[in-house]
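Each chain gets a letter, A, B and so on, in the order the sequences are listed, and its residues count up from 1.
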Amino acid sequence: MPQANTLYAAYAGHIAAALDALEAAGTLPAGLNRAAVTVEPPRDPAHGDLSTNAAMVLAKGAALNPRQLAEAICTELGKAPGVTSADIAGPGFINLRLAGSAWLAELRTIATSGRDYGRSTSGAGRTVNVEYVSANPTGPMHMGHCRGAVVGDALASLLEFAGHKVIREYYVNDAGAQVDVLARSVHLRYREALGEAVGEIPEGLYPGDYLVPIGQQLAAEFGDRFAAAAEGEWLALFRTRAVGAMLEMIRADLALLGIKHDLFSSEAELQAAGKPEAAEQWLRAHDLVYDGVLEAPKGKTLDDWEPVALPLFRSTRFGDDQDRPIRKSDGNWTYFGADLAYHFQKAETADALVDIWGADHAGTVKRIKAAVAAMTGAEGTPKPFEVKLVQMVQLLKGGQPFKMSKRSGNFVTLADVVEMVGKDVVRFTMLTRKPDAQMDFDFDKVVEASKDNPVFYVQYAHARVRSTLRKAAAEGLAPSADRLDLLGAEELDLIKLTAQFPRLIEAAAAAREPHRIAFFLGELAAAFHSYWNLGNDRPEKRFIVSQDANLSGARLYLAEQIGQLVRNGLALLGVEAVEEM
RNA sequence: GCGCCCGUAGCUCAGUUGGAUAGAGCACGAGCCUUCUAAGCUUGGGGCCGCAGGUUCGAAUCCUGCCGGGCGCGCCA
């Protein structure tokens, strides 16, 4: 439920009351499932202010025809406060018209709720673990990580706003072969710092010079102690130091985007604590892990394929195409084997899990969903678990593919991009497309200061509100709710749009789709700019009408609330609301 | 060969989880600046919602099969 005092929530309540009354009167049978009953704005505003499908979705269960039922509901709804008319349309839609005062009351609600307008309790305090970024700790963040980072962070904020407790988590893959490679790469930089000529970085090691300072630091701390030593003497130490330094770098990169996780979970610690063994034991006891031999992969010719018996998880029982190994033939855990234990660990402290992954990991979604279903659903219903895939981002400059290969290896770093275009542009742009569609990120377009650029357009709306309020204050005019009755049809249309915000929050949170907020803000900004421009030709439609303090006060009040709403939306997206542009 | 995602106006994309006559921006045509910031606004044309079936009161939305594009498919991570 949204805050009970918002308009849509109130009328959802009135509709429920009308249905209760019909139940009491025997028109409707008791106990019908009303989950499908909605309250929405009608597609065409000419149809009214609010629309409900109640008659259509309940008709079958009531053994009535929809229009008959609609008539009965209309009679009841006509008695609800603020309703000036209730009509039936089409196959059985019920359209309500509301008195202007009902909308003006919503404007006051925005003012009194302030930054909490739109906040919902629909999450009912349930804990949701959102795991996002989880980039390997082997270098700085690059643009491949960016979209998932922004989407995950905005989703976490959105879920919080919708009444969930949220854990923002980062899974640190510090146990695989890639961190050994990292340690060796750092060792080379360490020898370099000691004065050795290392030349070109060999194939197979990380070439980026972000490792140079770590080598220097280790040289300063340990001298040449490990320069010629066997790998066994330094590998673990260098790995720990290198991973620590990488995580520091990654945290700094994330901070550039305004992202801060609550929890960094280490795969190495998970393994040290014996969690994968415990999971394996449990799975074997439930006949979900067995020793078996995999078939060679199809559609590829492999010369080095040898069938080997491995402990396999029965993911085919849960819809996967193949059972999946949890250990390698050397006895070490596969990524999946550890990941499975990791998800079980997360499920212990959360009511629901959401993972944000890059599309290149799409192939592993089924197995991890299978694992979570198996382990959390042993007794009763499995924990809700979703994997949201964010698709690839193609970097462009002036329509041409953009490459950058300077100091950090051959990828475009996130820090470089934030430096070039700014945090707000990066964040907003990443959220102006649904995440499961590929997108282009064109440097030239995203920094453009025009209405084609939604970041600019939305921020400009806020800046306009603020500058208008400043200008008004200089003239001695202030926002006031005393004479809101002076507001006309155009102003009411704006209020009707703002009133959508609480519904939008709930729908976006339920769908785990923060991009909807960005689109709503674009729509709100367009409506506001459009209204503003009425004043170009007709000075009497301006916010500031110097000779009329009452009218100005009411309009400034409206402007102030629109500004508030833009701030609320931008806050969820992690984008600044600027005072002037 | 298999899996996942996408396919909506010339282009870039939305589409309120199955609702009413499918929307917005760009581009194109016609208008609007001695301005509460024209960094903008008004207005017009433009659609086989990839194709073909199915489900029902009702489908861009759900199901099946094709077609096209992207990503991926090992004991890697």
Report task. Provide the distance between the two P atoms, one in rU43(B) and one in rG23(B), to the nearest whole Å. Result -> 15 Å
Query raised in the report: Once you round it to whole Å, what is the distance between C1' of rG68(B) and CD of Gln438(A)?
Result: 13 Å
Query raised in the report: Ignoring hydrogens and angles, does a donor from either the side chain of Ser329(A) or the base of rC75(B) sit under 3.5 Å from an acceptor on the other?
Result: yes
**Report entry** Per Thr334(A) side chain, nearest of listed nucleotides rC76(B), rG40(B), rG69(B)
**Finding:** rC76(B)
Report task. Could you please name the option among rA39(B), rG74(B), rC4(B) that lies closest to any side-chain atom of Lys366(A)? Result -> rC4(B)
Requested in this report: Write down the distance separating the C1' atoms in rG15(B) and rG54(B), rounded off to the nearest Å.
Outcome: 24 Å
Report summary line: In whole angstroms, the gap separating C1' of rC75(B) from CG of Asp291(A) amounts to 14 Å
Report task. Indicate, with a heavy-atom threshold strictly under 4.0 Å, whether Leu294(A) touches base, sugar-phosphate, or nothing. Result -> sugar-phosphate
Report task. Hey, could you give me each pair passing side chain to side chain donor-acceptor pair (under 3.5 Å) that has a residue in residues 517-529 of chain A? Not counting sequence neighbours. Result -> Arg464(A)-His529(A)
Query raised in the report: Mind checking what makes side-chain contact (heavy atoms from CB on, under 4.5 Å) contact with Thr316(A), not counting sequence neighbours?
Result: Asp323(A)
Query - Listed nucleotide nearest any side-chain atom of Leu389(A), set rC5(B), rC2(B), rC4(B) - result: rC4(B)
Query - Distance, C1' atom - from rA39(B) to rG46(B), rounded to whole angstrom - result: 28 Å
Query raised in the report: Looking at Ser530(A), does any N or O in its side chain come under 4.0 Å of the phosphate oxygens OP1/OP2 on rU42(B)?
Result: yes
Query raised in the report: So does Lys60(A) get a side-chain nitrogen or oxygen closer than 4.0 Å to the phosphate oxygens (OP1/OP2) of rG58(B)?
Result: no
**Report entry** C1' gap between rC67(B) and rG53(B), integer Å
**Finding:** 15 Å
Query - For RNA chain B, stems built from three or more consecutive Watson-Crick or G-U wobble pairs below 3.5 Å - result: B:1-7 with B:67-73, B:10-13 with B:23-26, B:28-32 with B:40-44, B:50-54 with B:62-66
Report task. Please collect all side chain to side chain donor-acceptor pair (under 3.5 Å) contacts where either partner lies in residues 436-445 of chain A, sequence neighbours excluded, each pair once. Result -> Lys397(A)-Asp444(A)
**Report entry** Closest to the Asn533(A) side chain, choosing from rG15(B), rG40(B), rC75(B)
**Finding:** rG40(B)
Requested in this report: Between rU42(B) and rC66(B), how far apart are the P atoms? Round to whole Å, please.
Outcome: 47 Å
Requested in this report: Give a yes or no on whether the backbone of Gln68(A) and the side-chain of Asn65(A) come within a donor-acceptor separation of less than 3.5 Å.
Outcome: yes
**Report entry** Minimum-distance nucleotide (side-chain atoms of His515(A) versus rG74(B), rC4(B), rA14(B))
**Finding:** rA14(B)
Query raised in the report: Taking only side-chain nitrogens and oxygens of Lys328(A), does any of them come within less than 4.0 Å of OP1 or OP2 of rA77(B)?
Result: yes
Requested in this report: Answer with base, sugar-phosphate or nothing: what part of the nucleic acid does Asn536(A) contact at a heavy-atom distance below 4.0 Å?
Outcome: base
Query raised in the report: Does the side chain to side chain contact (heavy atoms under 4.5 Å, CB included) test come out yes or no for Ile368(A) and Phe385(A), once each step is laid out?
Result: CA-CA 10 Å; Ile368(A) 196 66; Phe385(A) 170 50; 3.9 Å; yes
**Report entry** Whole-angstrom distance between rG19(B) and rA59(B), as gauged at atom C1'
**Finding:** 10 Å
Report summary line: Sorted by chain and number, sequence neighbours left out, ring-ring contact (aromatic ring centres under 6.0 Å, His included) with Tyr342(A) holds for Tyr171(A)
Between protein and nucleotides 17-21 of chain B, what N or O pairs are separated by less than 3.5 Å?
| unit_1 | atom_1 | unit_2 | atom_2 | d |
| --- | --- | --- | --- | --- |
| rU17(B) | O4 | Ala511(A) | N | 3.2 |
| rA20(B) | OP2 | Arg43(A) | NE | 2.2 |
| rA20(B) | OP2 | Arg43(A) | NH2 | 2.8 |
| rA20(B) | N6 | Ser51(A) | OG | 2.7 |
| rA20(B) | N6 | Asn95(A) | OD1 | 2.9 |
| rA20(B) | N1 | Asn95(A) | OD1 | 3.3 |
| rA20(B) | N1 | Asn95(A) | ND2 | 3.0 |

Query raised in the report: What residues form a side-chain contact (heavy atoms from CB on, under 4.5 Å) with Ser530(A), not counting sequence neighbours?
Result: none
Query raised in the report: What do you reckon, are the aromatic ring centroids of Phe543(A) and Tyr531(A) less than 6.0 Å apart?
Result: yes
Report summary line: Across all chains, not counting sequence neighbours, the ring-ring contact (aromatic ring centres under 6.0 Å, His included) partners of His142(A) are His145(A), Phe411(A)
Query raised in the report: Heavy atoms under 4.0 Å, any strand shown: does Val545(A) hit a base, just sugar-phosphate, or nothing?
Result: nothing
Report summary line: Regarding the side chain of Ala177(A), the nearest nucleotide among rA77(B), rC5(B), rC41(B) is rA77(B)
**Report entry** Sequence neighbours excluded, every pair satisfying salt bridge (Lys or Arg N to Asp or Glu O under 4.0 Å) that has a member inside residues 54-69 of chain A
**Finding:** none
Query raised in the report: Is it the case that Arg314(A) places NZ or CZ above or below the six-membered ring of Tyr290(A), under 6.0 angstrom from the centre and within 45 degrees of the axis?
Result: yes
**Report entry** Atom C1', compared across rU8(B) and rA14(B): separation rounded to whole Å
**Finding:** 10 Å
Query raised in the report: Nearest-Å distance, NE2 (His361(A)) to P (rA77(B))?
Result: 11 Å
**Report entry** Pairwise C1' distance for rG50(B) and rG69(B), with rounding to whole Å
**Finding:** 11 Å
Query raised in the report: Quick one: on RNA chain B, does Phe543(A) or Tyr335(A) contact a more 5' nucleotide (nearest heavy atom)?
Result: Phe543(A)
Query raised in the report: Would you say Tyr457(A) reaches rC41(B)'s phosphate, i.e. side-chain N/O to OP1/OP2 under 4.0 Å?
Result: yes
